[in-house]
There are 2 protein chains.
Amino acid sequence: MLSTMKRRQGNTQEPKRDKQKSMQKLLHSVGAILQKDGYKALKANNIAAHAKLDKKLIYNYFGSLGGLIDAYLKKNDFWKKTEAITEKVPLTDLKPDTVVEILKGQFLFLENSVEMQHIILWELCEKNPLLRDILEERERFGEQLFQLSDKYFKGTSVNFRAINALLVSAIYYIILHARYNNNTICGVSTTTEKGREQLFKAIEQIINWCYREAAEERK
Amino acid sequence: MLSTMKRRQGNTQEPKRDKQKSMQKLLHSVGAILQKDGYKALKANNIAAHAKLDKKLIYNYFGSLGGLIDAYLKKNDFWKKTEAITEKVPLTDLKPDTVVEILKGQFLFLENSVEMQHIILWELCEKNPLLRDILEERERFGEQLFQLSDKYFKGTSVNFRAINALLVSAIYYIILHARYNNNTICGVSTTTEKGREQLFKAIEQIINWCYREAAEERK
DNA sequence: AATATAAGTCACCCATCGGTGACTTGCGAA
DNA sequence: TTCGCAAGTCACCGATGGGTGACTTATATT
């Protein structure tokens with residue numbers, strides 16, 4: 001006992017057989033593969049090879065391939081990643097500029113997060129209760145934001161939630177579309193800086209129209 | 001010779017070995033499977049089983065599984081299916097109501113065409129030159145429409161193409177999303193009649209804002 | 001009726017998939 | 001130092017994937 005303690009503390013070498021570390025490696029490999037090749041590449045052989053472990057360990061530790069992937073999805077709260085966007089903006093009011101900033105932030109975040117793209121694509125392609133949980137969490141967070149905007153639109157003809165649903169959906173589709181099809185949508189390039197500016201400006205305009213319309217009706 | 005002719009004409013039975021018919025069967029099965037189970041189910045064994053033919057014929061007639069699928073995509077001009085939506089509307093002018101009708105039509109058509117949903121999903125998931133061709137054809141057709149709207153928006157701050165790019169993208173995403181996730185987006189249900197009405201109204205409002213803004217700026 | 005050829009059938013190849021039983025080996029406790 | 005057990009290895013399973021060689025059979029021509 002003393003000898004093993006000594007050896008562990010004496011040199012920095014870690015034990016070669018560490019269940020916890022192996023589990024972490026597998027979970028990490030799920031994320032890496034998801035990011036690199038998408039959810040379709042999440043195969044037992046792939047993951048084990050990436051983690052440089054035997055695939056048997058997937059079944060020893062997580063029961064099944066699905067168990068490992070579920071564990072990965074549970075561990076990483078993806079909605080929190082999107083929540084981080086709104087950390088800089090104040091959460092007391094929801095002025096037009098703030099809304100536009102949040103939507104732009106969503107666009108830029110999603111554009112840079114290949115992993116998030118794959119998860120959204122995954123949600124569109126397959127029925128998975130865990131993926132639905134992620135979506136519902138995201139909805140709950142969004143609802144908090146919308147409650148701040150209610151004072152502007154209550155009693156007006158502007159359905160601010162519906163308009164944002166359209167804009168958020170548009171952002172999602174456009175980014176997914178741009179992954180493999182670098183052509184245009186309605187003549188607007190989705191991959192160039194110029195096209196993105198056009199889209200941003202359109203979003204800004206729509207949001208401003210919402211607030212203007214609501215203000216006019218309330219006069 | 002006479003005997004065979006007689007047999008063919010005498011009874012209505014067709015020859016059992018008909019290359020053209022077998023090819024048609026295979027092509028038709030591609031469509032049927034695509035509609036029923038999506039592009040992921042387009043396997044050689046599946047298609048052959050559905051057509052009640054040996055899978056060898058796929059390779060005899062089309063060279064490969066990909067060749068068969070490509071032949072199917074070439075045969076069916078999918079953009080023409082979406083074009084049919086606009087057949088009822090006049091193509092001389094593009095008033096707000098007409099644009100709204102076209103967008104609503106896109107929504108309803110896509111909602112009912114499972115095959116089209118699968119093709120759009122396919123476009124998002126995989127790189128395929130033939131699928132890109134379909135998209136480009138669709139773009140060319142859309143551009144014809146937008147040229148009719150230029151007189152309203154030229155020289156104004158309204159980028160009508162960008163706003164329509166957002167709305168069309170939103171429609172696509174919302175319908176794909178609704179396939180497996182019957183929850184809400186930004187609090188708006190995507191599967192109920194009520195939610196759809198909210199979205200339609202929002203689309204209508206945005207389009208009207210475009211024309212109003214352009215008219216005001218031109219005064 | 002005989003025959004050449006195209007149409008269609010069938011068994012089989014190899015790669016990959018998720019998953020497992022039986023084995024070996026390193027670690028920690030006594 | 002010994003020893004039990006968990007950690008890890010490895011060969012292998014059945015199912016399924018795309019694809020093919022060699023065979024049989026129907027059909028049109030002579």
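The analysis underlying the following values was restricted to heavy atoms, covering all of them including side chains, and did not include hydrogens, waters or symmetry mates. Sequence lines set the chain letters: A, B, ... in the order given, protein chains first and strands last, and positions in each chain run from 1.
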Quiz prompt | Any donor-acceptor N/O pair under 3.5 Å between D:dA26 base and B:Arg17 side chain | solution = no
Quiz prompt | Among D:dG19, D:dG18, D:dT9, the one nearest A:Asp54 by side-chain distance | solution = D:dT9
Exercise. Answer yes or no: is there a side-chain heavy-atom contact under 4.5 Å between A:Leu166 and B:Ile174?
Key: yes
Self-check item: Spacing of B:Ile58 atom CD1 relative to C:dT9 atom P, expressed in whole Å
Solution: 13 Å
Self-check item: Separation of C:dG18 P from A:Asn60 CG (nearest whole Å)
Solution: 16 Å
Quiz prompt | Phosphate OP1/OP2 of D:dG21: any B:Tyr59 side-chain N/O under 4.0 Å | solution = no
Quiz prompt | N/O (side chain, B:Ser22) to phosphate O (OP1/OP2, C:dG8) under 4.0 Å | solution = yes
Self-check item: Euclidean distance, B:Met116 CE relative to B:Ile134 CD1, rounded to 0.5 Å
Solution: 7.0 Å
Quiz prompt | Spacing between A:Lys40 atom NZ and C:dG18 atom P, to the nearest angstrom | solution = 15 Å
Quiz item: Over how many whole Å does the gap from B:Ile69 atom CD1 to D:dG17 atom P extend?
Solution: 13 Å
Practice problem: Quickly, which of B:Gln117, B:Arg179, B:Arg196 forms a side chain to side chain donor-acceptor pair (under 3.5 Å) with B:Glu111? Name it, please. | Solution: B:Arg196
Quiz prompt | Atom-pair distance (CG on A:Leu65; P on C:dT16), nearest Å | solution = 17 Å
Quiz item: Expressed in angstrom and rounded to an integer, what is the separation of B:Lys19 atom NZ from D:dA26 atom C1'?
Solution: 16 Å
Quiz item: Considering only side-chain heavy atoms of B:Lys56, which listed nucleotide, D:dA22, D:dG17, C:dG18, is closest?
Solution: D:dA22
Quiz item: D:dT20, D:dG8, C:dG18: which one has an atom nearest the side-chain heavy atoms of B:Lys55?
Solution: D:dT20
Practice problem: Take the protein atom CG of B:Asn45 and the nucleotide atom C1' of D:dT20, then report the distance between them rounded to whole Å. | Solution: 13 Å
Quiz item: Just wondering, are more than 12 heavy atoms of other shown residues or ligands nearer than 6.0 Å to NE2 in A:His50?
Solution: yes
Quiz item: According to a strict under-4.0 Å criterion, is B:Tyr61 in side-chain N/O contact with OP1 or OP2 of C:dA7?
Solution: no
Practice problem: Measure from NZ on B:Lys52 to C1' on C:dC10 and round the result to the nearest Å. | Solution: 20 Å
Practice problem: Identify whether the distance between the nearest side-chain nitrogen and carboxylate oxygen of B:Arg140 and B:Glu143 falls below 4.0 Å. | Solution: no
